[in-house]
Peer 1: 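What follows is a single structure, and I will ask about it in a moment.
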There are 4 protein chains.
Amino acid sequence: MTVSPLQQVLSHTARALIELRGEPAAAALAEQFVRRVEGLDDDEMTELLQTLLADFGHNHEALVDAVDAWRDDPTQTTAQAVGEATESARLVLFRQLNTAGDGIRCLLHLRAETLARRRSYPELAPVDHDLEHLLRSWFNRGFLELRRLDWSTPAHILETLIAYEAVHEIQGWDDLRRRLDTDRRSFGFFHPNLPDEPIIFVEVALTSGMSASIQHVLEPRDDHVDDGPEPEVDTAIFYSITNCQMGLRGISFGNFLIKQVTALLSTELPQLDTFATLSPIPGFSRWLADARPDIDTSNQTAMEDACAHYLCVERSRGRPLDPVARFHLHNGARVERLNWMGDTSAKGMGESHGMLVNYRYSGQDLEANHESLVDDGIVIAAPDIVDRIEAPEGTVATSPQVVD
Amino acid sequence: MTVSPLQQVLSHTARALIELRGEPAAAALAEQFVRRVEGLDDDEMTELLQTLLADFGHNHEALVDAVDAWRDDPTQTTAQAVGEATESARLVLFRQLNTAGDGIRCLLHLRAETLARRRSYPELAPVDHDLEHLLRSWFNRGFLELRRLDWSTPAHILETLIAYEAVHEIQGWDDLRRRLDTDRRSFGFFHPNLPDEPIIFVEVALTSGMSASIQHVLEPRDDHVDDGPEPEVDTAIFYSITNCQMGLRGISFGNFLIKQVTALLSTELPQLDTFATLSPIPGFSRWLADARPDIDTSNQTAMEDACAHYLCVERSRGRPLDPVARFHLHNGARVERLNWMGDTSAKGMGESHGMLVNYRYSGQDLEANHESLVDDGIVIAAPDIVDRIEAPEGTVATSPQVVD
Amino acid sequence: MTVSPLQQVLSHTARALIELRGEPAAAALAEQFVRRVEGLDDDEMTELLQTLLADFGHNHEALVDAVDAWRDDPTQTTAQAVGEATESARLVLFRQLNTAGDGIRCLLHLRAETLARRRSYPELAPVDHDLEHLLRSWFNRGFLELRRLDWSTPAHILETLIAYEAVHEIQGWDDLRRRLDTDRRSFGFFHPNLPDEPIIFVEVALTSGMSASIQHVLEPRDDHVDDGPEPEVDTAIFYSITNCQMGLRGISFGNFLIKQVTALLSTELPQLDTFATLSPIPGFSRWLADARPDIDTSNQTAMEDACAHYLCVERSRGRPLDPVARFHLHNGARVERLNWMGDTSAKGMGESHGMLVNYRYSGQDLEANHESLVDDGIVIAAPDIVDRIEAPEGTVATSPQVVD
Amino acid sequence: MTVSPLQQVLSHTARALIELRGEPAAAALAEQFVRRVEGLDDDEMTELLQTLLADFGHNHEALVDAVDAWRDDPTQTTAQAVGEATESARLVLFRQLNTAGDGIRCLLHLRAETLARRRSYPELAPVDHDLEHLLRSWFNRGFLELRRLDWSTPAHILETLIAYEAVHEIQGWDDLRRRLDTDRRSFGFFHPNLPDEPIIFVEVALTSGMSASIQHVLEPRDDHVDDGPEPEVDTAIFYSITNCQMGLRGISFGNFLIKQVTALLSTELPQLDTFATLSPIPGFSRWLADARPDIDTSNQTAMEDACAHYLCVERSRGRPLDPVARFHLHNGARVERLNWMGDTSAKGMGESHGMLVNYRYSGQDLEANHESLVDDGIVIAAPDIVDRIEAPEGTVATSPQVVD
C-alpha cells in the first residue's frame, strides 16, 4: 500500500507528539495535528484510522517480556507492568492532543468517525477501544456541570439545541422559545473543555396531570402570561432527552441527568408530585408488522394490548426489546400509561402508529424496580398495563415485592 | 489480622461503589466514603491503604485467562483485554469517588498519604501506581487553566499562596501584597474541580536588569507609585515556583507554567528582553562539605568556582545533581550567573552559603539546550561560568553547537 | 371633574411616597405604584398625567417667599433656595419610584406616554419637563456601559434588537445572525438599571470599500467561512442606529456611540481606514414632490443633483432640513457619496426614490466640520457632491478652511 | 487677587467642558480636569473651590428675566424656567466630569474637601449645595446594590473594610478574617461607578442571645469549626456600621442597609428571632462630666440610671442628644439593654465609661416607634430602661400605644 504525503505528515506529527510527552513544545504540534484532522475528507479519514490501527498499536515485544516477568512473579506490580505494556502508542497520542485548544473536540470527532465505520471496517475496533477508554475517563460524571438552559442563555448555545434535538425537531427560534417558556424547563450537562455546547440535554414540561399528547405539549401557549408555571402544576414531564455527542456513544449520562433534574425540580417546585416521561416507542410498528401482521391497527384496545405486551414482555438478549423502554426501565422507571394517538406526526404514526408511553420515575421505587429487572428479569408496570397482558408470569409485575 | 469495624464499613462502602459503577445512586455513597476518609487518623489511614492493596487488586484468574487468550491469538484486541484484566478494583473505586463533591481532593489526599508511607510501607507501591495513573490522566495539561493572581483575586485563594509558598515564605498579608504589586506578577494553574486553590504558582518580579539578591526582590517598595512596572523594566525574574499538591508529585507542570507565563508577559510587556530565574541551590552546602571539606567558605572566588562545578559538572544517575538545576536545565534554561550573598536568610546561608543562581530562559535556545543535556549529557552555561570550571569537556559548554 | 377611585388610590400612594422621602418603607409603596401604572389603559394614563400636572406641582407660596428673599438679598444661596422652591412634588415622587425594582422603566414609560400626548394635551409640558430633567441626570453618559452584541449574547437581549430595529427591520433570527456574523459588529449602550436591553445600538458592516447598497449589506453571506472579517476589509459601514427608548427622546447618545465604536474598531482592526454610514434620506421624496414637482425621477443625474442640493443646502430653522443629515452633519461627518438605487425596498423607494447617502466620519476633521456647521452654517461635503450644487456659496464647502 | 497659572488652566478647562455639554469630545477634557484635581494640594484646592464659587455661579441677569416672566405669568412652565435659571455653571461642569473614568470619585473628593472647609470658609456653602444636590440624585437608593462581603471577596475590596472601619478598628487580616467567619456576616452597598469599594457596610455577629460585650464579639473563635453558624443561634447583632464616603455626608443609607440586611438574614436563617445592635454611646462621658460631675463612675447602678436618662430623655433641637441614639431611634429601634463594661477598650472607656447599649429592631414596631419619636417626641425603650428613669413623662415610654 502506498502512503499518501498527507498521511506521511500526519504520521510524522503523531510520532513527534508521542516523543514530546510532557513537553510544552507539544502544544503547537497538537494544534497542527488537530487542524489537519478537521480538514480530512472521508477517504483520508479512513486512511488515518487505518494508520492509527496498524502503526500506533502497543509494543509486542515489551508485552511479551512483561507477561514473562509476571508469570515468573505474579504480583500486583508485575501485573501493572503488563497493563502498561498493553497501552498503545495512539493512546499516548490521544492524550497529547488535549493540549490543543480543540483537542477534546478532535477526539470526539475521531471516535464518531470510527463508529461510523464499524460495519465497513470492523478491524478498527481497537482504535475505538482506546478512544472510548480515554473519553470515558475524561467525561467522568464528576467533571460535568448541570446548567439550566433558558431564554437568557447565549444564543450560540441555544442554537446547538435546535441543531441536535432529534426526538421532536425544534422548528426554529419561535418553537425553541416556547420550549424555554416559564412553564417549561431545560437542562444540560456541560464539560469544562466544551463550554459552548451541552453533552446531553433534557426538555421538561410542567403540567397539571400527566401529558398524553406530544402535540399538546409543543403547541404555542394560549394565554401568554409570563409569570412562571401555573398554580395547579403538579407534574414534570420529560418529553425529550437528546445526546449531542456521537463520539460519546456507550458512555451514558441520561440516567444521571434525569435524576439530578428530578432532585432539582423537587426543591424548586415542592408542589410537584409526579415525574414521568412522554416517550416514543420507536420499535413498535416494526415489531407489530412482524409479530401481529393481522391486527386491526385502528382498534385502540387491541393496539394497546399489543403495545403493553411489546413493552413489557418482549426481550432481546434478556433486556427489553424496545430501546427507549430499555433505557427507562433500566433506570428503575415503571411503565405507567399508554397514550393512543399521543404523537400524530408522520414520524410518530410511522414508528408506533401514534402510540406514546409514560414512564414514571418514583424516587423511592427506582432502586427496587431496577433490581427487579436486572436480577429477576421482571419489568414493573402500572396495574392497568399488567391487566392487558396475558400470561405475564415471570416477565412483568405491578411491584418488585410480588416476585418474592 | 482482625479488621476494625471502621475498616469493615469502608470496605463495604467501597464494594458497593464498585458495583454501582455508572449508577446515579453511587454519588451519595461516594460522599460518605470521602467524609469518612477525611476523618481518618494516621493508623486508620495506614489500615485503609493496606486494605486497598490487599483486597482491591485485580482479578488474578481473569488475568490468567486473558493472557492465555492473547497467547493463543496475539492481536491488539486480545492485548487490550489483557490490559483491562490488569485493572484493579480500587481503580474503579477511585473513579467513582469523583462523583462526590470533594472526590478529587480525596484522591489527592490518598496519594499524598501513600507517598508519605513510601519508606515505611514500600509494599503500597501498587496503590500509588493506580492513584498516579488516574491523577495523571485527570490533570492532563489540557484541563488546566492559567489564571493571573493579583490583589483583586478572592482572599480565600490568596490565602492558599501564603499557606503553600515554600521557597521564600510569605510573611503575612503585607508581604503578600508587595508580591502582587504592579511591578510583580503571579500566575497559577487551576483545575476545574479545584477552583479555589492553584495546582502550582509562580512569582515574578519585573526589574531593570537581572536581580542578584532575593532580599532585594522581597523588600518593601520604596516609592509606592501604583502605576504598573517602571519604564526601564527589561527583565522578568521568576523568583519562586511552588507546587501546592503533594498528591501530584511526579506529574510536573512547572515547565508548562514557566513557558506559558513567558509567552504571556512577552505579549503584555514587549520591552522585556530577558527571562530568568533567581534560584536557590539547595544541595550546594551538603555537597561542598563532602567534596571540598577544606575550602575557605569566605573566599568568594573559590566558592563561585566550586558552585559552578557543582551545578554544571556533578551528576546523579546521569542528571544534574542539584534538584533545582535538574529542573531548569532539563527545561532548556542555561546557567547564567552566580550571586554571592544572594540569599542571606538563615535558610539561604544554610543550604548554599548564601549563593543563588540565575537560570536564563531564551525562547529560541530552549529546545537545543534541552537536547544537548538529554542526548549528550552537556549542560549549557554562560561563558563566565564555563571559564570557572576545570576540565569541563563533555559536561558543559557555552552553546549546544560546540558539541558538534 | 369627578375623580375615579383608581386615581384616588394613585394620588394617595403618591402622597405617601413623597412623605416617606428617604425612608426604607417607601420601597414597597413604590412597587405598588409601579405595578398600578403598568396596568393603566389610555384614558387612565391621561387622567394620571393630568393629576400629576394639577395636584403635584410646586408650592406657589413657597416660591413667592423664596423669590422675595432673593430680591431682598440676591446671593447664590438665596438663588439656590428659589431653585428648590420651583421643584414640583411630582419630581420628589419620580425620584422615589426608583427604589422599586422596575422604577426606572416606569419613568421611561411615563415619559413615553407624556410625549405621545404632546399634541392632544400640550398642557402636560411641565410633566414632561420634570421627567426629562430627571432622566437626563440619571442617564448621564458616565453611567452607560458600551457592550458588544454578538452571537454569544443572551437570547432575551438579542430579541430586543429584533423588536426595536427600525431602520432596516430584522426578519427573524436568521437575519439577526447574519447581522452578528464575524464580518459584522454590533454595539449598544446599557444602563445599570436596565441590564437586559440596550438604550441604543448600532450595526456595522466590515467591508472592502464603502458600501453603496443596503440590500447587499443585508444579504446572506455567500461563502460562510466563520473566520472573522476578510483580509481586504478596510471600511466600517454604520448602516443602522436605533434608539430603543422612546422615553429618552431628546437625550441623545448617538454621537457618543458612533465615536466610541469608531475608536474601539480602530484599535481592534488597525487596517480600517474609512468609517462611514450608509444612511437613509427620509425627507427627500416629500421635499422633491413639493420643490421639484416636474423632475423626471428616473433620470439618475438629475435626481442626484437634486438630492445633493436637498442634503447640503436646504435648511429648517438654520439646520439641515433632512433629520438624518442633521444628526450626522452636526456630529461633524461630511456628505461623502450618493448611492442611486441604494435601497430598493418599498420603504427606501417611498421615502427617497431608493437613494442612500454615505456620511463619512474622519477623526481629525470632525471638530472643524462641526464648528463650520454650527458657527457658519456651512455643510462640508466631498468635491463630487459640491460640484453638483449650483450657487452653493455660504451653504456648502469641501472643507472648513475654505470659509476663511 | 492674582490668579495662579494652575487655576487659569483649571478655569479654562472647566469653561471648555461646560461649552461641550453633550459632546463626546468632552470626555478627554474631563479626564484632564479630574487628573489635575487629584494632584492639588490644600491651598490649591481652596483656591479652586473659591473659583468655583466666584466664577461659576448662576447667570444673574437670566434669573432676573426669568423671575420677571414668572411674575407676569405665574405658571408651572415659567416657574420651571426660574428653576433652570438658578442652576449654576459649576453644576453643568460637575455633570460633565462624570464622563471621565474616575469622575464620580472626583465629585466625592470635591465634596469631602468642601465639607472639610465648612468652618474656615463658610462662604463655600453654595458649592457644597450643588455637589450635594447632584450626589443625592446619583446615589439614589435605586442605583445601589447590596453585596455580601466574605472571605471569597476580592482582596482589594476587603482592604477597604480595614481602611474605613471606624467604630471598632480592624487589626489586620487575621482580625478581618474572624469578622468574615461563618458565624459572622458583612454586607455593603455598592454604586455601579464605584464597584471596588462599598459606600457603607455593616458587620453582624450571629449569636445565641443578645451580645453584651464587644470584646467578646471580636475575640478569636475558640473552636474553629468552619460549618456556618451554630445551631443555637437566634440573634443577629449589628455591631458596626461604617460610612466609607465622607463626600456623601447627609445622604444616609444606614437605615436602608439595616432593614435590607434584616430582611435578607430572616430569609436565610429563619431561626433568628432577635435583631439588635451593640452600639457605642459616644457622647455619654462628655455629657456626664457636665451634667453629673459628682457621680461615682464606679457605681454600676448609678451609671446605668444616668445613661438611661442620657439616651432617652436628653434632647438637642428636639432630637435625642446622642448621635448614635438619634440614628437608631429615628429608624424605629427601641432602647433595649445597657451593657456595663461592654467596651473596655481605651476608646470605649473614654467616650462612655465602657457602657454599650443594644438597640432592638422589631419589624412590626419600627414604623410606630419612628412616628412616636417624630410626631410626639417620645423615645421607646424596654421596661427595664424606663424604670430607671425619673419623671419620664412625655419623653419616654415602653410602647407607642401608651401615648394615646
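Below, all heavy atoms of this structure are taken into account, side chains as well, without hydrogens, waters or symmetry copies. None of the values given here were measured: they were computed from a predicted structure.
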Peer 1: What's the verdict on side chain to side chain contact (heavy atoms under 4.5 Å, CB included) for A:T77 and B:H129, showing C-alpha distance, side-chain angles and the deciding distance?
Peer 2: CA-CA 9 Å; A:T77 298; B:H129 180 278; over 6 Å; no
Peer 1: Closest approach of A:A79 and B:L63, non-hydrogen atoms and distance?
Peer 2: CB-CD2, 3.8 Å
Peer 1: Tell me whether A:Q76 contacts the main-chain N or O of B:L53 through its side chain, where contact means a donor paired with an acceptor under 3.5 Å.
Peer 2: yes
Peer 1: Answer with side chain, backbone, both or neither: which region of A:P126 has an atom nearer than 4.5 Å to a non-hydrogen atom of chain B?
Peer 2: both
Peer 1: Count the heavy atoms of every other residue, nucleotide or ligand shown that sit under 6.0 Å from CZ of B:R326, and state whether that count exceeds 12.
Peer 2: yes
Peer 1: Please round to the nearest 0.5 Å and tell me the distance separating atom CG of A:N98 and atom CZ of B:R141.
Peer 2: 9.5 Å
Peer 1: Using 0.5 Å steps for rounding, measure from the OG atom of B:S137 to the NE2 atom of A:H133.
Peer 2: 7.0 Å
Peer 1: Below 4.5 Å, heavy atoms only, C-beta onward: do B:R95 and A:N140 meet side chain to side chain?
Peer 2: yes
Peer 1: Do other residues, nucleotides or ligands put more than 12 heavy atoms under 6.0 Å from the CZ atom of B:R147?
Peer 2: yes
Peer 1: For A:E145, is it the side chain, the backbone, both, or neither that has a heavy atom closer than 4.5 Å to a heavy atom of chain B?
Peer 2: neither
Peer 1: Heavy-atom pairs under 4.5 Å with chain B: which of A:S88, A:A100, A:G142, A:G101 has the most?
Peer 2: A:G142
Peer 1: Which class fits the ring pair B:H60 and A:W70: parallel under 30°, tilted 30 to 60°, perpendicular over 60°?
Peer 2: tilted
Peer 1: Let me know if A:N331 has heavy atoms under 4.5 Å from chain B in its side chain, its backbone, both or neither.
Peer 2: neither
Peer 1: Do A:Q80 and B:E87 come within less than 4.5 Å of each other through their side chains, counting heavy atoms only?
Peer 2: no
Peer 1: Given heavy-atom pairs under 4.5 angstrom as the criterion, report whether the side chain, backbone, both or neither of A:Q260 touches chain B.
Peer 2: neither
Peer 1: Under the 3.5 angstrom rule, does the side chain of B:N193 hit a backbone N or O of A:F143 as a donor-acceptor pair?
Peer 2: no
Peer 1: Within a reach of under 6.0 Å around CD of B:E371, are more than 12 heavy atoms found that belong to other residues, nucleotides or ligands?
Peer 2: yes
Peer 1: Starting at CD of A:E23, measure out to CD of B:E367 and round the result to the nearest 0.5 Å.
Peer 2: 8.5 Å
Peer 1: Looking at every heavy atom in both B:G83 and A:T86, which two are closest together, and how far apart are they?
Peer 2: CA-OG1, 3.3 Å
Peer 1: For A:T75 versus B:H58, what's the shortest heavy-atom pair and its separation?
Peer 2: O-CE1, 4.3 Å
Peer 1: Counting only heavy atoms not in B:R21, do more than 12 fall under 6.0 Å of its CZ?
Peer 2: no
